[in-house]
S.K.: 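One structure follows; several queries about it will come next.
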Amino acid sequence: TFGFDTACSEALNAIKTAYVEATCNANCIGMVKLMGRHCGYLAMMAALSARYVDICLLPEMDVSLDKVLEHAAHLLQTQGHAVIVVAEGCGDTLIHASGETDAGGNKKLADVGVWLKDQVLHHFKA
């Protein structure tokens, strides 16, 4: 559909930007949070289209933060950079949200992008 094609194209632009940033600096991680409250289809398709996403986190997956951080460290040691794509629905699977709802009745998700960035920074500073 037109909406999916546009969303995927824009997501691909964001991923390309993260890739350029990650590869232009030593030991850098480019991270992109994409829409996908319950389904990571857009994040997965954009990651596959980009061809240079190293880690793609989807809400349908059981994600181990420790394994993600270990793999990110391995990528920095071996290739000097990494690109991570995370679907916003991972804010419900990785982080336990407050359970609040917005005005439309949708469950408010914790901001997984900021949380994951903080976890990565903490891991590499330790």
Side-chain angles (χ1 to χ4, degrees):
T1 64
F2 292 114
F4 175 77
D5 288 343
T6 302
C8 197
S9 295
E10 291 303 316
L12 188 54
N13 288 337
I15 293 169
K16 286 179 182 177
T17 301
Y19 174 75
V20 169
E21 288 292 325
T23 56
C24 288
N25 297 292
N27 296 320
C28 185
I29 296 176
M31 192 176 303
V32 179
K33 179 181 81 170
L34 297 175
M35 64 182 178
R37 291 182 65 83
H38 305 292
C39 175
Y41 186 72
L42 176 65
M44 178 187 64
M45 295 307 289
L48 290 172
S49 297
R51 298 181 317 230
Y52 36 71
V53 172
D54 300 298
I55 301 171
C56 183
L57 305 175
L58 308 174
E60 296 92 341
M61 300 169 49
D62 288 327
V63 177
S64 165
L65 180 62
D66 291 333
K67 289 182 181 180
V68 169
L69 296 174
E70 282 178 32
H71 188 59
H74 170 74
L75 291 167
L76 291 184
Q77 290 173 353
T78 58
Q79 65 186 24
H81 66 276
V83 176
I84 300 174
V85 171
V86 59
E88 70 176 331
C90 288
D92 198 29
T93 57
L94 285 172
I95 314 165
H96 298 292
S98 64
E100 297 177 36
T101 58
D102 63 13
N106 298 310
K107 186 176 177 181
K108 286 186 180 179
L109 300 178
D111 191 343
V112 71
V114 172
W115 179 83
L116 187 57
K117 177 193 73 133
D118 291 344
Q119 295 300 312
V120 168
L121 288 172
H122 181 268
H123 177 77
F124 285 102
K125 286 184 179 179

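Any value given below was found using the heavy atoms of this structure, including those in side chains, with hydrogens, waters and symmetry copies removed.
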S.K.: Closer than 3.5 angstrom, by distance alone: can the side chain of D102 be matched with the main-chain N or O of K108 as a donor-acceptor pair?
M.R.: no
S.K.: Please enumerate all residues that pass side-chain hydrogen bond (donor to acceptor under 3.5 Å, both in side chains) together with D111, with sequence neighbours excluded.
M.R.: K33
S.K.: Would you name the heavy atoms of A82 and L75 that are closest together and state the gap between them?
M.R.: CB-CD1, 3.9 Å
S.K.: Enter the distance from I15:CD1 to M31:CE here, rounded to the nearest 0.5 Å.
M.R.: 13.0 Å
S.K.: Only one of E88, E10, M35 forms a side chain to side chain contact (heavy atoms under 4.5 Å, CB included) with L42, so which one is it?
M.R.: M35
S.K.: Using the side chain to side chain contact (heavy atoms under 4.5 Å, CB included) definition, which of the options I55, V68, L58 pairs with V63?
M.R.: V68
S.K.: C90 and T93: side-chain contact (heavy atoms from CB on, under 4.5 Å), yes or no, with the steps?
M.R.: CA-CA 5 Å; C90 288; T93 57; 3.9 Å; yes
S.K.: Using the side-chain hydrogen bond (donor to acceptor under 3.5 Å, both in side chains) criterion, which residues pair with E70? Sequence neighbours excluded.
M.R.: none
S.K.: Give me the atom names and distance for the closest heavy-atom approach of G40 to A87.
M.R.: CA-CB, 4.2 Å
S.K.: Determine, using the 4.5 Å side-chain heavy-atom cutoff (strictly less than), whether V53 and Y41 are members of one ILVMFWY cluster.
M.R.: no
S.K.: Locate the shortest heavy-atom distance separating H81 from L76; write the atom from each residue and the value.
M.R.: CA-CD2, 3.6 Å
S.K.: At their closest point, which heavy atom of W115 faces which heavy atom of L65, and how far apart are they?
M.R.: CH2-CD2, 3.7 Å
S.K.: Please find the pair of heavy atoms, one from E60 and one from C39, that lie closest to each other, and give the distance.
M.R.: OE2-CA, 3.1 Å
S.K.: According to a hydrophobic-cluster definition based on side-chain heavy atoms being under 4.5 Å apart (Ile, Leu, Val, Met, Phe, Trp, Tyr only), do I84 and M61 belong together?
M.R.: yes
S.K.: Rounded to the nearest 0.5 Å, what separation is found between the CD1 atom of I29 and the CD atom of E21?
M.R.: 13.5 Å
S.K.: Which atoms form the tightest heavy-atom contact between L34 and A43, and what is the distance?
M.R.: CD1-CA, 3.8 Å
S.K.: Name the atoms and distances for all side-chain donor-acceptor pairs under 3.5 Å in residues 117-126, with sequence neighbours left out.
M.R.:
none

S.K.: I'd like to know if L57 and V85 are part of one continuous hydrophobic network [Ile/Leu/Val/Met/Phe/Trp/Tyr, side-chain heavy atoms within less than 4.5 Å].
M.R.: no
